[in-house]
Q: 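Structure provided below as structure tokens; questions to follow.
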Protein chains: 2
Amino acid sequence: MTMAEHPNIKAVADMAGVSTATVSRALSRPEKVREDTRRRVLEAVAAIGFVPNDQARAFRRRASHTVILLVRDISNPFYLDIYKGVEEAAFAAGYKVLMGDARDDDRRIRHYIDAVRERHADGLILMIGRLPDSLRNDRLPPLVVALEAIAGLDLPTVRVDNAAAAFEAVTHLLQLGHRRIVHITGPLGEHLGTARLEGYRRALEQAGIAYDPDLVVEGDFSLSAGRALTLGLLDRGRRFTALFAASDQMALGAIGALKSHGIQVPRDVSVVGFDDTLVAGMLDPPLTTIHQPRREIGQAAMALMIRQLKKSRSAPVPQHCFPTRLVIRSSTAPCHDP
Amino acid sequence: MTMAEHPNIKAVADMAGVSTATVSRALSRPEKVREDTRRRVLEAVAAIGFVPNDQARAFRRRASHTVILLVRDISNPFYLDIYKGVEEAAFAAGYKVLMGDARDDDRRIRHYIDAVRERHADGLILMIGRLPDSLRNDRLPPLVVALEAIAGLDLPTVRVDNAAAAFEAVTHLLQLGHRRIVHITGPLGEHLGTARLEGYRRALEQAGIAYDPDLVVEGDFSLSAGRALTLGLLDRGRRFTALFAASDQMALGAIGALKSHGIQVPRDVSVVGFDDTLVAGMLDPPLTTIHQPRREIGQAAMALMIRQLKKSRSAPVPQHCFPTRLVIRSSTAPCHDP
DNA sequence: CTGTTAGCGCATTCAA
DNA sequence: TTGAATGCGCTAACAG
């Protein structure tokens, strides 16, 4: 007698001398089955080497137990720890995680949203700052937003206080005596960009320093933007003794640009980043930056997702806020400039 | 008349005045359906807002069109470009990619292998160096190995010539006049570790330099290992003018250890890494290292996977070999030591 | 080229 | 507590 390639619930039922319904119950809702029946079923399962076909189960239950984590740009190591947190929470709850790369491309974003309609996934954790207009009118699938905010949409969110974090970063520079502080922002069409800019302004205001638009340039979080914008400032002859970048990547680009002009960090210019990515501590000099508890944020986002999926869209929209922390390393120093 | 929450193929069939089979064909194998019938079906699809339930489709076809990419440690940015390549090839072919974190933990590895038995995925792309013994006897799911090798298993593989790459790296150091060259290896129980060590030995041999076991220490690719092992060598008073680490992470750790002893790179000691990760070029000094075409490797691995899934386990085991390239930056310099 | 029919494997009624 | 029967949505024979 040869064993079936993929024994099914029927084979188990036959061997255990019960019905398929009982096998199904014994496996999915053990409490609804008598002790010794359950034992017999489990023995048959083991004997036959039965593995439930989760594809069929998902089909029947209309739930895939899969969640998509959609990020801006997958090649940013920033997301790795987030993913790790999401994956851990998912793994523990029997969920799988699919990672999606939005690349600021409407077609790709749409594709991942559609994946829920096609039942590949039950919901999405968004780490992007906007949705294509073409989607705004559709009925959206279960969503959780992590570290971002999508204008006009009130969604369950895991966030940090970006303005407060930026305020702390800039205040650190002010306390070191800096007065002419450049800010390379994120995209100003999105919350991440405006909130950090807001913190920058508030810090200056509190210190009684006028806001100088010449010292503020709009970036997009990328290394190349950080480099190009800093070079632009230097070319235009802007004078400054400190620079606050809205991401470590841009801080990195800025440092490269400064070095290429023979400007030393932190001797001539202090630099603060945002994110505390892995590289931040390895740079020369190690970067002062804002740390976010990425792993915990990922876990919380997944927890929110699971909750939403279980409660079938309950009323209150949960907002989970995590603290940030300024990590002071060696890229910032007292201002020597009068 | 209200629209169904999730219109199915039957609704489309009714509206288009055809059978469900025709709708199915019109969508999955358009060439098997007459032009105008197809048009009518597509109109109905659009009118109704029908989205195929891929869960049901996968269930019926017994294929999930999902592949798992199982890596050693997800927090290593090295894998991001690989993932990107895999995802691109998958996206283009209508496949999804699930990323799994092995963490050198048998339970986790087993879990991801089981995911195929449970029909979550059709196969796995492995970037790990071993499988738990408990699995060796089982019938394994479709596998592709990328950049690694699993002892005793002859699997479709995308690889680079690690020995040749290491040979090139060490030869570079030899040409700079170095004679006492440390090698921090990968795990010597696995191919990645032994192959690179082999290249190191061959390079020394060709230069007529005796192999000195005191200069070779076994690491595990991690930053902390690089640091600790280098400190160990220094503590033991080993003298060397160059160091070849089997990963950038370990090179990073080594540089940190050297700096902490006041040893400058590359003035006092030249350092070569392996992988050309993002940080390599940003370090101070920028790291000389071995570059691997990660994105292409990811694409090739996915292509091999798809081929395997389509051809239902054909006979010849494809081996795809990619070239590596020594990227010379500033962490290596001529030897000043006699 | 198209329709009819029959399941895929499982979870869930409804009775017993 | 258990079994018989039903159908999720779709695709794949098989006829016509």
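Every chain is numbered from 1 and lettered A, B, ... according to where its sequence line falls, protein lines coming before strand lines. This is a predicted model, so every value here is computed, not measured.
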Q: Expressed as a whole number of angstroms, how long is the span from A:Q55:CD to C:dG7:P?
A: 21 Å
Q: Could you tell me how far apart A:I9 (CD1) and D:dG3 (P) are, to the nearest whole angstrom?
A: 12 Å
Q: Provide, to the nearest angstrom, the distance between the CZ atom belonging to A:R39 and the P atom belonging to D:dT2.
A: 12 Å
Q: For A:R29, answer base if it contacts any base atom (sugar-phosphate contacts may also be present), sugar-phosphate if it contacts only those atoms, and nothing otherwise; contact means non-hydrogen atoms under 4.0 Å.
A: sugar-phosphate
Q: Phosphate oxygens OP1/OP2 of D:dG9: is one of them under 4.0 Å from a side-chain N or O of B:N8?
A: yes
Q: Report the relative orientation of the aromatic rings in A:Y95 and A:H65; use parallel for angles under 30°, tilted for 30 to 60°, perpendicular for over 60°.
A: parallel
Q: Phosphate oxygens OP1/OP2 of D:dT11: is one of them under 4.0 Å from a side-chain N or O of B:S28?
A: yes
Q: Just call it for B:K32: base, sugar-phosphate, or nothing, with non-hydrogen atoms closer than 4.0 Å on any strand.
A: base
Q: For the pair made of CZ in B:R57 and P in C:dG9, what is the distance, rounded to whole Å?
A: 19 Å
Q: What integer distance in Å separates B:R60:CZ from D:dA13:P?
A: 8 Å
Q: Report the residue (B:E31 or A:A21) whose heavy-atom-nearest nucleotide on DNA chain C is the more 5′ of the two.
A: B:E31
Q: Determine which pairs satisfy side chain to side chain donor-acceptor pair (under 3.5 Å) with at least one residue from residues 150-159 of chain A, sequence neighbours left out, and list them in order.
A: none
Q: Does any donor atom in the side chain of B:H120 or A:K96 lie under 3.5 Å from an acceptor atom in the other side chain?
A: yes
Q: Please state whether the base of C:dG3 and the side chain of B:R25 form at least one donor-acceptor pair under 3.5 Å?
A: yes
Q: Answer yes or no: does a side-chain N or O of A:T37 lie under 4.0 Å from OP1 or OP2 of D:dT2?
A: yes
Q: Rounded to whole Å, please give me the gap between NZ in A:K10 and C1' in C:dG9.
A: 12 Å
Q: Using atom CZ of B:F59 as one end and atom P of C:dC8 as the other, report the distance to the nearest whole Å.
A: 8 Å
Q: Rounding to 10 degrees, work out the angle separating the end axes of the helix from C:dC1-D:dG16 to C:dA16-D:dT1 (five pairs an end).
A: 30°
Q: Assign A:V18 to base, sugar-phosphate, or nothing according to its heavy-atom contacts below 4.0 angstrom with the strands shown.
A: sugar-phosphate
Q: How close do B:A102 and B:I109 get, heavy atom to heavy atom, and via which atoms?
A: CB-CG1, 3.9 Å
Q: Does a side-chain heavy-atom distance below 4.5 Å link B:D101 with B:Y79?
A: no
Q: So, does B:R61 get its side chain near the phosphate of D:dT11, meaning an N or O under 4.0 Å from OP1 or OP2?
A: yes
Q: Given C:dC10, is OP1 or OP2 found less than 4.0 Å from the side-chain N or O atoms of A:S24?
A: no
Q: Below 4.0 angstrom, N of the basic side chain to O of the carboxylate: do B:D106 and B:R110 qualify?
A: no
Q: For the residue pair A:M302 and A:V86, what are the closest heavy atoms and their distance?
A: CG-O, 3.7 Å
Q: A:D54 side chain to A:R57 main-chain N or O, any donor-acceptor pair under 3.5 Å?
A: no
Q: Between B:S19 and C:dT2, is there a side-chain N or O to OP1/OP2 distance below 4.0 Å?
A: no
Q: Kindly say if A:R62 contacts the phosphate of D:dG9, meaning a side-chain N or O under 4.0 Å from OP1 or OP2.
A: yes
Q: Grab the CD-C1' distance between B:E118 and C:dC8 for me, whole Å please.
A: 18 Å
